[in-house]
Amino acid sequence: MLEISSLNPSQRQAVRTHQGPLLVLAGAGTGKTRVITYRMADLISTGVEATRILSVTFTNKAAREMLERTTHLLGRSLKKRPVISTFHSWCVGILRQEIEALGYPKQFVIYDRGDQESAARKALQVLKMTDTALKPGDLLAQISRWKMQGLPPDVAQEVADSDQEQLAGMAYRRYQLSLKASGAVDFDDLLFLTWQLFKNHPEALARQQERFDFVQIDEYQDTNELQFRLVESIVRRHHNLCVVGDDDQSIYGWRGAEVKHILGFQQSYPAAKIVRLEDNYRCTAPIIQLANQLVSHNRGRHEKTLIAHKEGPGATFREYPDEQAEAEGVVRDISYLIHQLNVKPCDIAILFRTNEQPRIFEHELRRKQIHYRLVGGQSFFDRKEIKDLQAYLKVLVNPKDDLSLLRIINVPPRGIGDATCERLLARAVKEKRRFWDVIPDAAQAGEITTKALNNLRQFEQQLAGVREKFKNPSVKLSENFTHLVEAIGYSREIERTYKNTEQQEMRNLILGEFTNAIAQYENQAKSPSLTEYLDEISLGGSDFAAPERPDENAITLMTLHSAKGLEFSRVYLVGLEEGILPHKRSVDEEFEKPSSIEEERRLCYVGITRAKDHLTITRPQSRIKWGKKRETKPSRFLKEMITAIESRMVVEGGHPTSAARPPLRSGGTTSQPGGNR
DNA sequence: CTGATTGACGTTTTT
DNA sequence: CGTCAATCAG
C-alpha cells in the first residue's frame, strides 16, 4: 500500500483505482507529480504490466526522475519498464519506426532552432522574398502556428487571409519540401508528422493504440492542440487517461498551449472524474497568501484557493536604486546566507523573466566567488565548435542533409570556397537535386574549377571513410568521434585560428567536453547509436548533452519558465517591474488580448510558489537600457499583492552587510503615483 | 581568407 | 550599452 500524505482517503481511492478518464486538478505544491508516480506504481503492483503504461512528462529530466522514483517505490524489481517520456521523445520513437510511410527517409535528422532559421531563410531566398516584410523569424512563428493546428502547407495556403499569410503560406510549402528532401524534421514536425501518420495510416495508429492500456499526462495545462489530438487518438479504445495539471500554472500559451483542454476536460471526456487538490505542503503560509491573492486577479480559471500547512517567515520585498544595486544587494544577501548562516547553496535560486537579466547577477556572483549554475541558456550548444561537429555528425547519419553539409564543407578550410558552393547550390535548386549529385554536371559545364572538383572528391571520400567507421558496432562512438576530429584536423584548425594559447585551451576544452558527453551517453544508453544521441541532444536536455556536474555548492539561476515544477528553500524573484514582469510585449497587446497579462500573472504565481521557506522579491527603481538610464514602474503585480506583502513584511536586518530598504508603502518609494496605466 | 572595423539594432518565454 | 552581421583592408 502506497501512501500519499496529501490525499484524503476518498481522493486516494479515486486516484488509485479509478479507470477511465480522470482529471487531477491540483494547485502548486500539492504533489501533482507524486500522484502520477504513485498511481503508476500502484497500477504495476496490482498486476498491470509496466510496459502497458505511458506517462508523459513535460521535460526529459522530469521523465528520468519519475522513472527513478517509480523503480524506487517498487523496490527496484522492475524487469519491464513503463514508458515515461515527453511528447516529443515519444513521437520520435514512433517516427523512427513509421516515418517511411510519410515518404521520409528512415535516417531523418531533427533540426534545431538554428537549422530551422537557415532553412526558413533559404526558402525565402529561393522564392526571392528576401525583401518582403516577411522575416525568417516571423515565417517560423507562422509555420509553427499552422503546424500546431495540424495544417499542412496546401491547407494553410487556403486559409491564409492576409497578404502576409499568403506569402508565409508559399514559403511554408517551400520550407516543408526542402526539409523533406533533406530528410530533416523540425521540432514541430515531431508532433505534426505523428498526427499526420495517425490520420492517414490507420494501421500505424492501431499499432500505437495497442501498445498502452493506461496513459497519464503531467502538466496537462500546457497541452497544445496537436498534443490533445494525439492523446485523444491513442486512448480512444479505452479512455484510461489520467491527466494532472493546474490551470493557474499555464505559462506556455505563446507556444500553443491551451487552457481550454484542462478546463474542458469533462466536455471531451464526459465520464471524467475530477479530483481537486488544494492542500499545499511546500510553502509557508505567508507565501501562499501572496500567491492566492495575486492569482485571484485572473478570470477564466478554476476557482481554487491553496491551503497552507506550514508556518514560517514569508516574503520580503526590496527596492534598489538601479539594477546594479539590485544584483549587488541580492548577491550580498546570498553570500551572507551561505557564509554566515550555512545555508546550502543548492537551496537558493534566483528567478527572472528574461534571459538578459542574469548577466549582471552572474557578474556579481563571480566577483563574490559564489558558484552558480545557469539553467537553460543554450551556451554549450551555441559554441561554434559544437555546432560544427554536430553538423558533421548529422551529415554522417544522413547524407541528404545539405544544410549541415554546407555548414562544414569548408570547415576547416579545404579549398572549397563560397563561389563553388554557390554555383553548385544554384544548380541543385534549379534542378531540384541533391548538392552532391550535381557535381559531375557542374564540372562538365565548367562551373567549378578542377582544383575545387578534386577537393570535393577528396572530401567525399573522407566522409565516406568516416561513415564506414561509424557503422562498425564494435568500436565505441566516442572513439570514432575522436577519430573524426583527427581526420578532419579540427584541433590543428583551432591552433591555427586562435593565436593566444588561452583561447586555444578553452576551445580544446569544449571539444573535450563534447567527447565526454558522448562517452557519458554511451555508458548510460541501452543500445547507443549516433542517431539516438543526436535525437537526445536535439530534444533538449538530458544530461548527455552538456555533462552537468551536480554541484551542491552552486546556487541556481533560471527563468521563470524553466523553474516550473521545481522548488527551492529560498527564492529571489528579481526585476518586478512593468515591462519585465509583466513583459512589455504582453503589456502592449493588453488591450486586444487581456489574456496575455493573465499569463504573465500566472508566471509570477509560478515564481512565488517555487519558494518553500523564504521569498525575496526585488525591483530596481531604474534600469539602463540602450545606454540611457530610465526610471522603472513597479510591477502591477506588486500592487495586487500589496496588502499581503505589507502584513508580512520581514526585513532581514541585523547582518552588517544588509542593504535593506524600507518596506514598500502604497504608491511605492518611486515618484510614480498609483494612477499609471 | 582572416581579423578588425563599422554600423544598425534591439522589445520574452522553449519542448 | 552590447551584439551581430556586413564590410573592408591586408
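Lettering follows sequence order; numbering is per chain, from 1. FYI, side chains are in, hydrogens and waters are out, and symmetry mates aren't considered; it's all heavy atoms of this structure.
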Item to check | Nearest-Å distance for atom pair OH/P, residues A/Y605 and B/dT13 | outcome: 23 Å

Item to check | Ring-face cation of A/R96 near A/F108 (centre distance under 6.0 Å, axis angle within 45°) | outcome: yes

Checklist outcome for this item: Quick note, A/T86 side chain, CB onward, closest among B/dG10, B/dT15, B/dT13 is B/dT15

Checklist entry - Is there a donor in the side chain of A/Q221 and an acceptor in the side chain of A/E219, or the other way round, less than 3.5 Å apart? => result yes

Item to check | Nucleotide nearest A/F58 when distance is taken to its side chain, options B/dT11, B/dT15, B/dT13 | outcome: B/dT15

Checklist entry - Is it the case that A/E323 and A/Q357 place a side-chain donor and acceptor less than 3.5 Å from each other? => result no

Item to check | Given B/dC1, B/dT14, B/dT12, the nucleotide with the shortest approach to the side chain of A/N410 | outcome: B/dC1

Checklist entry - What is the distance, rounded to the nearest whole Å, between atom CD of A/Q221 and atom C1' of B/dT15? => result 14 Å

Protein and nucleotides 2-6 of chain C: nitrogen or oxygen contacts under 3.5 angstrom:
unit_1, atom_1, unit_2, atom_2, d
C/dT3, OP1, A/R359, NH2, 2.8

Checklist entry - Whole-Å distance between B/dT11 P and A/K584 NZ? => result 12 Å

Item to check | Side chain of A/W626 (C-beta onward), nearest among B/dT15, B/dT14, B/dG10 | outcome: B/dG10

Next on the checklist: Between the base of B/dT11 and the side chain of A/R585, is one N or O donor paired with an acceptor at under 3.5 angstrom?
Outcome noted: no

Checklist entry - CD1 of A/I251 versus P of B/dT15: gap in Å, rounded? => result 11 Å

Checklist entry - Does A/T354 make a side-chain N or O approach to OP1 or OP2 of B/dT11 shorter than 4.0 Å? => result no

Checklist outcome for this item: With the side chain defined as heavy atoms from C-beta on, A/E600 is closest, among B/dT15, B/dT14, B/dT12, to B/dT12

Checklist entry - Roughly, in whole Å, what's the span from CD in A/E356 to P in B/dT12? => result 8 Å

Checklist entry - Which part of the nucleic acid, if any, lies within contact of A/D222, taking any heavy atom under 4.0 Å across all strands shown: a base, the sugar-phosphate backbone alone, or nothing? => result nothing

Checklist entry - Hey, does A/Y252 reach any base, or is it just sugar-phosphate, or nothing, if we go heavy atoms under 4.0 Å? => result sugar-phosphate

Checklist entry - What residue among A/T556, A/V574, A/L374 forms side-chain contact (heavy atoms from CB on, under 4.5 Å) with A/I350? => result A/V574

Next on the checklist: So, does A/S562 get its side chain near the phosphate of B/dT13, meaning an N or O under 4.0 Å from OP1 or OP2?
Outcome noted: no

Checklist entry - Hey, are the side chains of A/E600 and A/F637 touching, using non-hydrogen atoms and a 4.5 Å cut-off? => result yes

Next on the checklist: By a 5.5 angstrom centroid cut-off and a 30 degree plane limit, is there stacking between A/H583 and B/dT12?
Outcome noted: yes

Next on the checklist: Strictly below 4.0 Å: does A/N355 bring a side-chain N or O up to OP1 or OP2 of B/dT14?
Outcome noted: yes

Checklist outcome for this item: A/R113 atom CZ is separated from B/dT12 atom P, nearest whole Å, by 11 Å

Checklist entry - Can you check whether A/W254 stacks with the B/dT13 base, using ring centres under 5.5 Å and planes within 30°? => result yes

Checklist entry - When A/R301 is tested against each of A/D247, A/D248, A/D246 for side chain to side chain donor-acceptor pair (under 3.5 Å), which residue passes? => result A/D248

Checklist entry - How long is the line joining CD1 of A/I580 and P of B/dT13, in whole Å? => result 10 Å

Next on the checklist: Assuming nearest nucleotide by heavy-atom distance, tell me which of A/T559 and A/K135 is located more 5' along DNA chain B.
Outcome noted: A/K135

Checklist entry - Rounded to the nearest Å, what distance is computed from the CG atom of residue A/D138 to the P atom of nucleotide B/dT11? => result 12 Å

Checklist entry - Does the gap between the ring centers of A/F265 and A/F228 come in under 6.0 Å? => result no

Next on the checklist: Taking the cut-offs as 6.0 angstrom to the six-membered ring centre and 45 degrees off its axis, would you call A/R602 and A/Y605 a cation-pi pair?
Outcome noted: no

